[in-house]
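Remarks on the structure that follows.
Both backbone and side-chain heavy atoms feed into the values below; hydrogens, waters and symmetry mates do not. Every chain is numbered from 1 and lettered A, B, ... according to where its sequence line falls, protein lines coming before strand lines.
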Amino acid sequence: MGETRAEFLARVRDALARGAQSLPGERPVSPPVMRFPPDPAASFAAELEAVGGRVHRLESAAEVGVRVAELVREEAAGRVARAGTPGLEDFGLDAALATTPARLEICRPGAPADVRSLADVDLAITAAEAGLADTGTLVLRPGPAHPRALSVLAPVHVAILREEDLHPHLAAFAASEARRPRHPCILVTGPSRTADIEMILTRGVHGPRTLHVVLVGSG
Amino acid sequence: MSGASTEAPFGERIDRALADTGLQRALGGTVGRLATARRDAFAALPEGDALRDAARAAKLGALASLDRHLEALARAVEANGGHVHWARDAAQARTIVIDIAHRAGAQTVVKSKSMATEEIALNPALEAAGLRVVETDLGEYIVQQAGEAPSHIIVPAIHKTRADVTDLFERVHGTDRKETAEALTAEARARLRQDFLGAEMGITGANFAIAATGSLVIVENEGNARLCSTLPRVHVAVMGMEKVVPDWPTVGTLLSLLARSATGQRMTSYVSVLGGPRGDDEVDGPEEFHLVLLDNGRSELLADPVLRESLACIRCGACLNACPVYGRIGGHAYGFAVPGPIGAVVAPTIQGTPDAAALPFASSLCGACRDVCPVRIDLPRMLLAQRARARRGDVSGLGRAERGLARMAARVLGSERRYRVATALLRGLTRGLSRFGPAQRLPGVAAWTGPRTLPEPAKEPFRRRWERDRG
Amino acid sequence: MAHTALFVTCLVDQFLPEVGEAAVRLLEQVGCRVAFPPEQTCCGQPLSNGGFPNEAAPLARRFIEIFEPYEAVVTPSGSCASMVHSYAAGLLASEPAWRERAAALAARTFELCSFLRARDFVPRARVEGRVAVHPPCHLLRELGQGDAPAALLARVPGIDLVSLPRAEACCGFGGSFSVQHADLSTAMADDKLAAVAECGADWVASADTGCLLHLGGRLARTGARARAVHVAELLAAPS
């Protein structure tokens, strides 16, 4: 079948020894310090919109429920599912969504996700644990009440992100992740896309065709 | 579908490609756009050069301790509940994956784009073992339905026009004709959704693996890799061993360069950082995770001081898009899973066939590839090293004749007297040179004079004139 | 006064000696005393590129011995100049003594246009017709002096110099590539010549004889109007 670890690594070590004879030692080169976007929230919004995401900037958490309800109506979503993460409870989503015609399901911890059911959801709502300002990227952290499949199966994904959770850039996020790595982590930058057919850009290949980010200030 | 198409020898495949007007049109419209997008992305990135320097150093540093990083990676993956398998070569890798599939009782496999799985010709082996294999990356799905191999590592169906895909889908789906890319994509999405939901096993590649955390990093735009690594009960990732890097900051540096180099995007739509099977408190995700580490000739590259840096490649495709040869002949002509300059560098060692040994010679050594490589691999230098290896290893009749010629040339050029005598001889032979003259029989002359004229050698070479005027 | 040695290259010596003569005139115009070491033959590039480094290395050593007595070495070929620059890390990398001598000589070895530019050469030529410049790949990417030919030509009074579309694309010569993969090489030449036609140039000027013979040969075979010429010939043309 396969080799053992020992056999495989022995061959690698042998190759390293053979190849090292005339190689100069590699000196590490520190990566450059990346620019900080002067206005992270504005940068995040501009970058994400440039790749087809839609960003809705709100001053405070109090406005989130109403805006999400508007999006549900705008997208004519009949079935809505949201992650059951504690962070989402603060936004008064359920009460706001009750004013729409949509049927709302909440993902609960402990119960295995019904993936086939999730596949029929029209609009998915998750929190984003963090964001990257210079690329308009969301950091999603699936977990107990946040199925991995939730944000990829539905054709519309609404993510709620607090401005205070913005990292300036990927390098900053990488440093923080190195200190406290947790799996899985999904970085999302815009809707699902492809240019595989004659380089014609098309959205919504396998993942969502529409990504809305509700960016919440601390007002 | 295997990546190698070696029925005809390389020279013939080149000729076919050059004569294929459809291919020429498709390549002409697409490759340049990717190159331009890359250029624009780096023009907007002042830290670009510094990032490339850091990325190169990081990759070379990682390669210098590859055994340690692989060991740490394996320990971390196993601590996360995953299984690690060690494949010396393509055959072992195929057997490993088939065995996993059989033990898992899998019938349908969904796959996301992976050059490593192309390299080991995994799909035909899985099918022969009774599995149904569904490529889910749109470009890979298209070439799979067409019974072809991918021709570009980032845009697998780059050689197909939209009209080609319309015809193809009408034929293989039996649906009515879809004339827009949007409609074709929607059709593929709907069909593949059922396969994602029903497959027992998902197979992906990996762009990077982080030794410190046992993480797999998968970069994509479509979302199919997320689905392949989330929905099926079993997730198998096949990865070239050189992809392991020590830590997250290294991945950060490489991610800043990867999408920009490949397509000009700052970031792809999705980057998944996975730790193996679903966590204890997770509600979905695979129950079983297997990482298959692949050598398949990489240790030979590692052992060569000059060729080692070819393992720094992050498979972005920028060198393909910059290469005037790739731009003319496309990916299939190379007959190897990874085409273009980096393919020509590694194929002779990884595939090891005489056909692959010819690849490094199909280059004018212009160096455009080196200019765009995010980790600054000196590709022309690698090509030369592989040419020299090919000469040393070539025991065929043709090889002997060329080596003989080279030795003769070296002798002639090693002495001014011999050089004068030989060039005087050649001048005599080519006097009154015409397309049908006796000089045509000299090696290489006909190949030159077919498409181009050749001036007659000057009656008085420069050195004679100098001697005469100033000697 | 020290001498500047001319490395004329095999292709110039045999096929285009007038390029060598033009180079001498140009070097004298910037005040050089030009020497022509008579024992010179080849820098070894064709053998090295062909995958025969062991056969090429003696030629590299021979080159160093012949040329190192001179203050500077100038050659009308970007690829030959870059070959010399590559000796220390390439053909002679495993021989410490030769490596040092190679590095020392490389520091004094120049391609013609970049040498003239560094000497603030002002051409006295007159050039009729529209000129487009094709920067040879080695001069452009290995030596980083791809703009030198155009910079010099721009100083020719009254010259009609046009920008060549996709100028940085390789012409397709590549040494033995031009015969081993003739069709591919020709396809690349045709792409380059389409760009020449697009900008309406009468001359495509290059600083490498390989490019010149390849493009010039294709222009002649296809009956095109434009002609290929070495930059040195234009710069040294009578005024």
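- Contacts of A:Val51 with chain B are absent, with no heavy-atom separation under 4.5 Å from either backbone or side chain.
- Looking at B:Asp284 and B:Arg278, no side-chain N of the basic residue comes within less than 4.0 Å of a carboxylate O on the acidic one, giving no salt bridge.
- The part of B:Ala87 that comes within reach of chain A is its backbone (N, CA, C, O), which places non-hydrogen atoms under 4.5 angstrom from that chain.
- Looking at heavy atoms from C-beta onward, B:Pro277 lies out of side-chain contact with B:Glu287 at the 4.5 angstrom threshold.
- Contacts between B:Asn80 and chain A at a heavy-atom distance below 4.5 Å involve the side chain alone, from C-beta outward.
- Proximity to chain B is limited to the backbone of A:Ala111, based on heavy atoms less than 4.5 angstrom apart.
- Of all residues in residues 174-184 of chain A, those placing a non-hydrogen atom less than 4.5 angstrom from a non-hydrogen atom of chain B are A:Ala174, A:Glu177, A:Ala178, A:Pro181, A:His183, A:Pro184.
- Contact annotation for B:Arg88: both backbone and side-chain heavy atoms come within less than 4.5 Å of a heavy atom of chain A.
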Could you go through the salt bridge (Lys or Arg N to Asp or Glu O under 4.0 Å) check for A:Arg148 and B:Glu282 one step at a time? CA-CA 9 Å; A:Arg148 302 183 189 194; B:Glu282 275 197 88; 2.8 Å; yes
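- Of the atoms belonging to B:Ala163, it is backbone heavy atoms, and not side-chain ones, that fall under 4.5 Å from chain A.
- If you measure heavy-atom distances from B:Thr268 to chain A, the contacts under 4.5 Å come from the backbone alone.
- A salt bridge links A:Arg5 with B:Glu78: the closest approach of a Lys/Arg side-chain nitrogen to an acidic carboxylate oxygen falls below 4.0 angstrom.
- With a 4.5 angstrom heavy-atom cutoff, A:Thr137 touches chain B only via side-chain atoms.
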Could you go through A:Arg82 and A:Asp94, starting from their C-alpha distance and side-chain angles, then the distance that decides it, and tell me whether this counts as salt bridge (Lys or Arg N to Asp or Glu O under 4.0 Å)? CA-CA 9 Å; A:Arg82 75 163 175 85; A:Asp94 300 354; 2.7 Å; yes
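- Donor-acceptor pairing under 3.5 Å is recorded for the side chains of A:Thr126 and A:His157.
- Contact of A:Leu153 with chain B is made through backbone and side chain together, with heavy-atom distances under 4.5 Å.
- Comment: B:Glu309 does not engage B:Lys59 in a salt bridge, judged by the lack of any side-chain N to carboxylate O separation of less than 4.0 angstrom.
- With respect to the salt-bridge test (charged N to carboxylate O, under 4.0 angstrom), the residues B:Arg266 and A:Glu47 qualify.
- In this structure, chain A has heavy atoms under 4.5 Å from both the backbone and the side chain of B:Ala157.
- With a threshold of 4.5 angstrom between heavy atoms, A:Pro208 approaches chain B through its backbone and through its side chain.
- Salt-bridge check for A:Asp90 with A:Arg162: passed, with a basic side-chain N closer than 4.0 Å to an acidic carboxylate O.
- With respect to the salt-bridge test (charged N to carboxylate O, under 4.0 angstrom), the residues B:Lys113 and B:Glu140 do not qualify.
- Interface remark: A:Asp134 contributes backbone atoms only to the contact with chain B (heavy atom separation under 4.5 Å).
- Contact of the B:His152 side chain with the B:Thr30 side chain is not registered, since no non-hydrogen atoms from C-beta on lie closer than 4.5 Å.
- For B:Ile218, no part sits under 4.5 Å from any heavy atom of chain A, backbone or side chain.
- Only the backbone of B:Ile154 comes within contact range of chain A, with at least one heavy atom under 4.5 Å from a heavy atom of that chain.
- The parts of B:Asp295 that come within reach of chain A are both its backbone and its side chain, each placing non-hydrogen atoms under 4.5 angstrom from that chain.
- For chain A, the nearby parts of B:Thr161 are the backbone and the side chain; heavy atoms of each come within less than 4.5 Å.
- Counting heavy-atom pairs under 4.5 Å between each of B:Pro156, B:Ala93, B:Gly279, B:Pro46 and chain A puts B:Pro46 at the top.
- Looking at heavy atoms from C-beta onward, B:Val219 lies in side-chain contact with B:Leu255 at the 4.5 angstrom threshold.
- A:Leu132 is not listed as a side-chain neighbour of A:Leu166, based on a closest heavy-atom distance of 4.5 Å or more.
- At a heavy-atom separation below 4.5 angstrom, chain B is approached by A:Arg35 within residues 35-44 of chain A.
- Distance alone, capped at 3.5 Å, is enough to place a donor-acceptor pair between the B:Thr166 side chain and the B:Lys178 backbone.
- Contacts between A:Thr202 and chain B at a heavy-atom distance below 4.5 Å involve the side chain alone, from C-beta outward.
- Heavy atoms closer than 4.5 Å to chain A are found in the side chain of B:Leu227, but not in its backbone.
- By the 4.0 Å N-to-carboxylate-O rule, A:Arg13 lies close enough to B:Glu71 to be salt-bridged with it.
- Listed options A:Ala195, A:Cys107, A:Pro147, A:Gly190 were ranked by heavy-atom pairs under 4.5 angstrom with chain B; first place goes to A:Pro147.
- Taking the six-membered ring for Trp and the full ring otherwise, the centers of B:His290 and B:His85 sit less than 6.0 Å from each other.
- Annotation: maximal heavy-atom pairing with chain A below 4.5 Å, among B:Val155, B:Leu293, B:Asn224, B:Thr95, occurs at B:Asn224.
- Interface remark: of the candidates B:Asp99, B:Asp280, B:Val84, B:Asp99 forms the most heavy-atom pairs closer than 4.5 Å to chain A.
- Looking only at heavy-atom pairs under 4.5 Å with chain B, the residue among A:Glu3, A:Met34, A:Met199, A:His169 that has the most is A:Glu3.
- The residue among B:Ile96, B:Leu301, B:Val251, B:Leu197 with the most heavy atom pairs within less than 4.5 Å of chain A is B:Leu197.
- Contacts between A:Leu170 and chain B at a heavy-atom distance below 4.5 Å involve the side chain alone, from C-beta outward.
- Salt-bridge check for B:Lys160 with A:Asp196: failed, with every basic side-chain N at 4.0 Å or more from each acidic carboxylate O.
- Closest approach of B:Ser112 to B:Cys228, counting heavy atoms only: N-SG, 3.8 Å.
- The pair A:Arg54-A:Glu74 meets the salt-bridge criterion, since a charged nitrogen lies less than 4.0 angstrom from a carboxylate oxygen.
- A salt bridge is absent between A:Arg116 and A:Asp120: the closest approach of a Lys/Arg side-chain nitrogen to an acidic carboxylate oxygen does not fall below 4.0 angstrom.
- When the candidates B:Ala58, B:Gly285, B:Ser215, B:Ala186 are compared by the number of heavy-atom contacts under 4.5 Å with chain A, B:Ser215 comes out ahead.
- Options B:Ala181, B:Ala74, B:Ala188, B:Gly252 differ in how many heavy-atom pairs under 4.5 Å they form with chain A, and the most are formed by B:Ala181.
- Using a 4.0 Å cut-off between charged side-chain N and carboxylate O, B:Arg162 and A:Glu198 make no salt bridge.
- Remark: the backbone N or O of B:Ala225 is paired with a side-chain donor or acceptor of B:Glu220 at under 3.5 angstrom.
- Only the backbone of B:Leu294 comes within contact range of chain A, with heavy atoms under 4.5 Å apart.
- Of the N and O atoms on the side chains of A:Ser151 and B:Arg226, at least one donor lies less than 3.5 Å from an acceptor on the other residue.
- A salt bridge is absent between B:Arg94 and B:Asp89; no separation between the charged side-chain nitrogens and carboxylate oxygens falls under 4.0 Å.
- Heavy-atom distances place the side chain of B:Leu192, and not its backbone, under 4.5 Å from chain A.
- At a 4.5 Å heavy-atom cutoff, the contact between B:Gln265 and chain A is made by side-chain atoms alone.
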